Amino acid sequence: MTTRETAPLRARAEIDLAALRANVRTLRAHAPAAALMAVVKSDAYGHGAIPCARAAVEAGATWLGTATPEEALALRAAGLPGRIMCWLWVPGGPWREAIDADIDLGVSGLWALREVVEAAAGAGAPARVQLKADTGLGRNGCQPEDWPGLVAEALRAEAAGLVRVTGLWSHLACADEPGHPSIEAQLALFRQMVAYAERQGVRPEVRHIANSPATLTLPDSHFDLVRTGIAVYGISPSPELGVPADFGLRPVMTLAASLALVKHVPGGHGVSYGHHYVTPGATTLGLVPVGYADGIPRHASGSGPVLIGGKWRTVAGRIAMDQFVVDLGGDEPGAGAEAVLFGPGDRGEPTAEDWAKAAGTIAYEIVTRIGTRVPRVYVKVNNQQDGEANR
Ligand SMILES: *Cc1c(COP(=O)(O)O)cnc(C)c1O
């Protein structure tokens, strides 16, 4: 694997797999009675699905979760073991491929169940189906009124040997706002919908509703399995809940670039498109060779923070497609000097959360949108070096 020392890269997203493994162990300790699903959808929130999934499994995640079936199939094709679940289907999806790859299929309604049953008829084994209840999120999932019909049809398919109902599950709307009345309401409805299905004869292996914020703050939500995404990558689900260290988590991604140019300019010099920044006096400008095509949010123009030569600098003027400029205040770090956009924060660099604030969004969006033009550089790949925690 490449390390930061070897290649003079324009930009790189360094992915600390030891931090990821430690986060998984920490999350398991937060939910000791439940199994842990590492959610690795959207290329592991921008961190790289395959290496992150492997590291999560090494650290004790017994389930992997994705949104789309294509993402789940790619994990299996890469040889990842254990249970893999995906939940975002549209009609005509690759049901048969997913059944053959031994993937658990999230099913939110009758149309999906019927497509599963049809695909399972030609497969060698029953399809593993997990029925999703909408307990109040108002997004995917089966409405309470439609639940008896879905449960009944799933039980008929199970009796026919075509499916096995392995899970009953749901998703929370406001887990990142402790005390929000919807939380207790959703948990109560989830218990009712699970109890109903079990009375009808469903024997699920797993019942689950908890995402990262629920795993960290709501023990009553843990049931048999917790589905953690953002916390696996060491990011707090919300700044209101706390910083990552409050939960024993460490950010996994460090985004850095090499300055492409440092130059002297006079006062009154406009900077970048639209001249929204004008140098207040003679100064030096540094050119950071990443832009919105790399996922650096244009909304952070004039506000995004960068660590250069031990000092926080701020994006000067507009972020362009491939580059942005910072005012170095007369410093001359030189072309090639490192500019750290975000990282764990303990070497003085900003965090993804700082960028989220600067861009008026959430840290989930910051890491997830880092583009494919930025190479992911994996460090601490070998879990033998994790030390005590492994034993
Ligand atoms: C993305 C997702 C998760 C993980 O959410 P985090 O807040 O990142 O932990 C869990 N469950 C479902 C259904 C999801 O779509």
Side-chain angles (χ1 to χ4, degrees), residues 20 23-24 26-28 30-31 34-47 49 52-53 56 61-72 75 83-90 103-109 112 129-142 167-178 180 182-183 186-187 190 206-218 221-242 244 247 249 251-253 352-353 356 361-369:
L20 187 146
N23 293 336
V24 168
T26 297
L27 290 166
R28 285 172 61 207
H30 277 281
L36 186 127
M37 175 189 288
V39 179
V40 294
K41 62 190 179 188
S42 195
D43 206 25
Y45 293 43
H47 295 66
C52 290
T62 50
W63 289 76
L64 297 168
T66 69
T68 72
E70 290 78 11
E71 293 172 317
L75 293 175
R83 301 295 284 270
I84 301 178
M85 176 176 175
C86 64
W87 46 76
L88 194 57
W89 291 88
V90 294
I103 288 166
D104 281 60
L105 318 171
V107 161
S108 289
V129 163
Q130 299 213 18
L131 301 179
K132 182 173 195 184
D134 186 347
T135 54
L137 174 60
R139 206 174 67 178
N140 212 351
C142 181
L168 299 171
W169 67 296
S170 189
H171 197 37
L172 292 163
C174 306
D176 56 348
E177 297 176 49
H180 194 286
S182 70
I183 296 172
Q186 281 199 261
L187 291 177
F190 184 56
V206 284
R207 298 156 294 179
H208 48 109
I209 191 168
N211 53 5
S212 292
T215 301
L216 295 171
T217 66
L218 291 167
S221 73
H222 292 172
F223 294 90
D224 306 308
L225 174 67
V226 294
R227 304 188 308 268
T228 49
I230 197 72
V232 167
Y233 310 103
I235 292 172
S236 172
S238 129
E240 283 73 37
L241 288 182
F247 300 106
L249 300 170
V252 170
M253 184 189 291
E353 189 56 52
T361 184
I362 55 176
Y364 288 72
E365 192 177 354
I366 298 298
V367 290
T368 304
R369 291 176 71 105

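When a ligand or atom number is given, it counts from 1 through the structure's own listing order. Predicted model only: the values in this text are computed from it and were never measured.
- For the pair Trp63 and Leu225, the minimum side-chain heavy-atom distance is below 4.5 Å.
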Can you list every pair where an N/O of ligand 1 is under 3.5 Å from an N/O on the protein?
residue: ligand 1; atom: 7 (O); partner: Tyr364; partner atom: OH; Å: 2.7
residue: ligand 1; atom: 8 (O); partner: Tyr45; partner atom: OH; Å: 2.6
residue: ligand 1; atom: 8 (O); partner: Ile230; partner atom: N; Å: 2.8
residue: ligand 1; atom: 9 (O); partner: Ser212; partner atom: N; Å: 2.8
residue: ligand 1; atom: 9 (O); partner: Ser212; partner atom: OG; Å: 2.5
residue: ligand 1; atom: 9 (O); partner: Gly229; partner atom: N; Å: 2.9
residue: ligand 1; atom: 11 (N); partner: Arg227; partner atom: NE; Å: 2.9
residue: ligand 1; atom: 11 (N); partner: Arg227; partner atom: NH2; Å: 3.3
residue: ligand 1; atom: 15 (O); partner: Lys41; partner atom: NZ; Å: 2.7
residue: ligand 1; atom: 15 (O); partner: Trp87; partner atom: NE1; Å: 3.4

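- Scanning for salt bridge (charged side-chain N to carboxylate O under 4.0 Å, His left out) contacts around Glu177 gives an empty result, with sequence neighbours left out.
- Partner of His208 under the ring pair (Phe, Tyr, Trp, His ring centres under 6.0 Å) criterion, chosen from Phe190, Trp169, Trp87, Phe223: Trp169.
- Contact check on Arg83 versus Asp104 returns a salt bridge, with a Lys/Arg side-chain nitrogen under 4.0 Å from an Asp/Glu carboxylate oxygen.
- For Asp43, the side chain to side chain donor-acceptor pair (under 3.5 Å) test picks out no residue, with sequence neighbours left out.
- Residues satisfying the salt bridge (charged side-chain N to carboxylate O under 4.0 Å, His left out) criterion with Arg28, sequence neighbours excluded, are absent altogether.
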